Amino acid sequence: MTPVRLHILAEGQTEENFVNNVLRDHLSLHGIATSVSCISQKPGARSRTNKGGWNDYAVARESIYRFWRESGGADCWFTTMVDLYRIPANFPGIDVPSAMSDCYERVSALENAFEADIRTDGLWRFIPYIQLHEFEALIFADPARLDSRFPVHDEAIKGLMALSKAERPEAIDRDNPPSKRLIAAIPEYGDRKAHAGPLVAGKIGLDMLRQRCPHFGQWLARLEALA
């Protein structure tokens, strides 16, 4: 049976590495051939220095359509892995859910607006995904696994574990987002996040990520169901 084709537009190198190191092999077990690329910072950009930009929705939208056209489009599914944190100011429907106190309702409303805007131009094989609130929320599913990359930070990791037990990882607030909390506890994470973050998430495992991060789990289930 021919595998289902899926292309993931990632916010940056951290998400791109997570797809390559963790998601791609898992989805292949479900008959899905997955590729990934970073959203361009500039219209039509292809070099690595101009990849990984989630600050202008118009540019992100152009990236999605460019990859759709280049892939042949009709037999390929597309999805995104981008952060709610610092979402572009020109994102569709950005003002509608701003007063929503529940982060899950807010991100769902934004994804619906995202899907409606993309499908307006005919790209119907599109599954929007916005990470609550950023990639590092996944690490808070089980911060103990940070010891595989940062073994000299036992006490800091214990503090992160206590926070993980007190809060839902995906609900850690935008004003003090997961990455800032990780860097405050483990400064080295800031320079190593693009590689260390995905490796730690892989150590945590998709079963735990689904359990602790239900919005992520719903997205993964939708991708698995494509086959």
Side-chain angles (χ1 to χ4, degrees), residues 6-12 14-16 18-19 23 36-45 50-69 71 73-74 76-138 140 167-180 209-210 213-226:
L6 171 69
H7 189 77
I8 299 177
L9 273 295
E11 173 164 345
T14 303
E15 292 81 6
E16 182 181 31
F18 176 72
V19 173
L23 283 189
V36 59
S37 59
C38 288
I39 292 173
S40 302
Q41 291 180 357
K42 299 177 181 178
N50 285 324
K51 293 298 182 67
W54 182 231
N55 51 19
D56 186 336
Y57 176 71
V59 174
R61 191 178 194 274
E62 191 274 338
S63 288
I64 294 171
Y65 276 95
R66 175 164 53 82
F67 280 102
W68 177 52
R69 291 189 297 268
S71 72
C76 185
W77 281 87
F78 288 80
T79 189
T80 51
M81 190 174 191
V82 296
D83 293 347
L84 179 59
Y85 179 58
R86 290 182 175 173
I87 193 168
N90 59 343
F91 194 86
I94 191 69
D95 295 328
V96 174
S98 59
M100 294 179 178
S101 59
D102 183 85
C103 64
Y104 290 98
E105 291 182 2
R106 181 168 189 257
V107 77
S108 178
L110 287 168
E111 286 176 343
N112 289 339
F114 190 11
E115 183 173 17
D117 182 64
I118 292 295
R119 289 194 176 190
T120 297
D121 285 354
L123 181 51
W124 61 274
R125 292 192 172 199
F126 178 68
I127 297 173
Y129 177 63
I130 301 171
Q131 174 70 45
L132 278 168
H133 282 94
E134 58 179 351
F135 175 84
E136 279 72 21
L138 301 180
F140 276 90
E167 296 193 45
R168 297 174 298 171
E170 290 178 323
I172 293 177
D173 62 86
R174 290 169 288 158
D175 296 328
N176 191 10
S179 63
K180 289 186 177 181
L209 294 179
R210 289 178 193 266
C213 303
H215 186 63
F216 170 83
Q218 291 168 2
W219 175 59
L220 184 56
R222 287 189 70 183
L223 299 185
E224 292 167 344
L226 294 179

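Values reported hereafter were calculated over all heavy atoms of this structure, with side chains retained and with hydrogens, waters and symmetry mates removed. These numbers were taken from a predicted model, which means no experiment stands behind them.
Two residues are said to be in side-chain contact when any heavy atoms from C-beta on lie closer than 4.5 Å; R106 and L84 meet this criterion. Counting heavy atoms from C-beta outward, I118 and Y65 have side chains that approach closer than 4.5 Å. Side-chain contact check for K180 versus P177: some heavy-atom pair is nearer than 4.5 Å. With a 4.5 Å cut-off on side-chain heavy atoms, S37 and H7 count as touching. A heavy-atom distance below 4.5 Å is not found between the side chains of L209 and L220. Within the 4.5 Å cutoff, the side chain of C103 has heavy atoms near those of the H133 side chain.
Judged as a ring-ring contact (aromatic ring centres under 6.0 Å, His included), and not counting sequence neighbours, Y104 has no contacts. Take E15 and apply the side-chain hydrogen bond (donor to acceptor under 3.5 Å, both in side chains) test, not counting sequence neighbours, and it matches no residue. With sequence neighbours excluded, the residues that form a salt bridge (Lys or Arg N to Asp or Glu O under 4.0 Å) with R210 are E224. Contacts of F114 classified as ring-ring contact (aromatic ring centres under 6.0 Å, His included), with partners at least two apart in sequence or in another chain: Y57, F91, F126. Residues passing the salt bridge (Lys or Arg N to Asp or Glu O under 4.0 Å) test with R61, sequence neighbours excluded: D117, D121. In terms of the ring-ring contact (aromatic ring centres under 6.0 Å, His included) criterion, residue partners of Y129 (sequence neighbours excluded) are, by chain and number, H215, W219.
Considering every non-hydrogen atom in both V36 and A10, the closest pair reads CG2-CB, 4.0 Å. Contact between C213 and L138 at its shortest, heavy atoms only, is SG-CD2, 4.0 Å. When all heavy atoms of D83 and E11 are compared, the closest pair comes out as N-OE1, 2.7 Å. Of all heavy-atom pairs spanning A113 and P92, the tightest one is CB-O, 3.4 Å. The two residues I64 and L123 have their closest heavy-atom pair at CG2-CD2, 3.6 Å. Annotation for L110 and I94: closest pair CD2-CA, 3.9 Å, computed over non-hydrogen atoms.
The CG atom of L223 lies 5.5 Å from the CG atom of L6; values are rounded to the nearest 0.5 Å. A distance of 6.0 Å separates CD in Q131 from CD in E170, rounded to the nearest 0.5 Å. Here CZ of R66 is found 11.0 Å from CD1 of I39. Values are rounded to the nearest 0.5 Å. Note: W77 CH2 to W124 CH2 = 5.5 Å, rounded to the nearest 0.5 Å.
Taking the six-membered ring where the residue is Trp, the centroids of F135 and F18 are separated by under 6.0 Å.
Within a 6.0 Å radius of CZ in R86, other residues, nucleotides and ligands contribute 12 heavy atoms or fewer.
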